[in-house]
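One structure is given below, encoded as structure tokens.
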Amino acid sequence: MPEGSQSKARIAIFISGTGTNMAALLYASRLQEAAFEIVLVASNVESATGLELAKLEGLATFTHSHKGVTREEQDAAMERAVTEAGADFIVLAGYMRILSDEFVERWEGRLLNIHPSLLPKYKGLDTFQRAIDAGDSHAGSSVHIVTAELDAGEVLAQVRVAIAPEDSAESLAQRVKLAEHQLYPRAIAEYVSRGSDPDFLFAKLRELALALPETHEKDSHGSPGFRVGTEKSGKFFAHFSQQHHGSEHIAVLVKTSSMDELMGLVENQPGTYYKPAYYGASGWVGVILNRPNVDWEHVADWLERSWRQCAPSRLTKLLDAADQF
Ligand code: GRF
């Protein structure tokens, strides 16, 4: 195993055609300190040119023709190959099949696509001609999270490409591809790294904490935390902890109901919880944020529980009333 490869995100790429975006991802993955490695290139088209390059470059490949099989069978075959390859993420790069809703749901948050338009404009096909016909000054490309609705998931990154007066759909497509080859590797690297990026994790946490009634942010012992109540007399219900006191965790510290509960959580789910230094002694548990597939709803539940323990009853009553709707 090459040095450092353990910490890299493992991605599978799905292609149906030339695979130039796959090539861009492949060579980006070969650069020093790349955030991801490609563990599989899979296709529904045996003759896809991209497969040849993948093989030449020593990547594992897989083909399963969609002809004569149901969407579910096709997806299942592709998924088996992905699972066997041990991929954490699936990246679509010109994969011309719509994936079943069940497949998309199972891979939610770990399935990305590149679409050649400035989304939300021009979902679907013929994006270049549509941009030219509309008289747009720019076309472009978008990297987005795949959701059940076509080309509608959260946009992670975009690149704009100027449209020349003499452009045809083909000439424009060629320039957009050049731009895509810059965009896709960078967007994927950022996305797969964000689970260990303290700024991203804190921003997510902050959004959830400040969505609770009468909350504000305040530093405590040099770390940001969140309080409920007034700026003057509020009480902390959550602390953000970034690799403090020798811990490797980035975490949110929240209040448990008892030391027994805290110890139970830490013993039974050591991948999710730990007992933090100092705060642990007063019943605060660390919910680890820098781990794969953090369930943010679970984090939100913990924040609310902790908030309830600290909030005055006039506020908890408000939340109880709101929860009934
Ligand atoms: C790209 O333009 C991409 O935006 C779209 O399909 C095309 C794939 O091209 N989803 P290639 O096979 O990567 O050259």
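Atoms within a ligand are numbered from 1 in the order they appear, just like the ligands themselves. Side chains included, hydrogens not; waters and symmetry mates left out as well; all remaining heavy atoms used.
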Practice item. Could you walk me through whether Arg194 and Asp199 pass the salt bridge (Lys or Arg N to Asp or Glu O under 4.0 Å) test, one step at a time? Key: CA-CA 8 Å; Arg194 73 187 199 179; Asp199 292 341; over 6 Å; no
Polar atom proximity, [X] to ligand 1 (N or O, under 3.5 Å):
X      : value
His115 : no
Ser141 : no
Gly19  : yes

Revision key, fill the gap. For Lys177, the ligand 1 atoms with a heavy-atom partner under 4.0 Å come out as 2 (O), 9 (O), 11 (P), 14 (O)
Check your understanding: For ligand 1, which atoms, with element, lie under 4.0 Å from some heavy atom of Thr20?
Key ->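 Matching atoms, with element in brackets: 11 (P), 12 (O), 13 (O), 14 (O).
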Please list the nearest protein heavy atom to [atom] with its residue and the distance rounded to 0.1 Å.
atom                    : value
atom 8 (C) of ligand 1  : Gly94 CA, 3.6 Å
atom 13 (O) of ligand 1 : Asn21 N, 2.8 Å
atom 4 (O) of ligand 1  : Glu180 OE2, 2.5 Å

Revision key, fill the gap. Between Val146 and the options Leu112, Leu111, Asp151, the side-chain contact (heavy atoms from CB on, under 4.5 Å) test singles out Leu111
Review point. With no hydrogens and no angle check, do the side chains of Gln74 and His64 hold a donor and an acceptor under 3.5 Å apart?
Key: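 A pair is found: one side chain offers a donor N or O, the other an acceptor, under 3.5 Å apart.
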Exercise for review: Ignoring hydrogens and angles, state whether a donor on the side chain of Glu46 or Thr63 is under 3.5 Å from an acceptor on the partner side chain.
Suggested key: no
Point to revise | Cluster overlap Leu183 with Leu25, hydrophobic side-chain contacts below 4.5 Å | key: yes
Review point. Salt-bridged, Asp136 to Arg130, with N to O below 4.0 Å?
Key: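 A salt bridge is absent here (no side-chain N lies under 4.0 Å from a carboxylate O).
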Check your understanding: Out of curiosity, is Ile114 lining ligand 1, as in a heavy atom under 4.0 Å away?
Key -> yes
Review point. Got a sec, which residues hit side chain to side chain donor-acceptor pair (under 3.5 Å) with Ser223, two or more places apart in sequence or on another chain?
Key: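 Residues passing side chain to side chain donor-acceptor pair (under 3.5 Å) with Ser223: His244.
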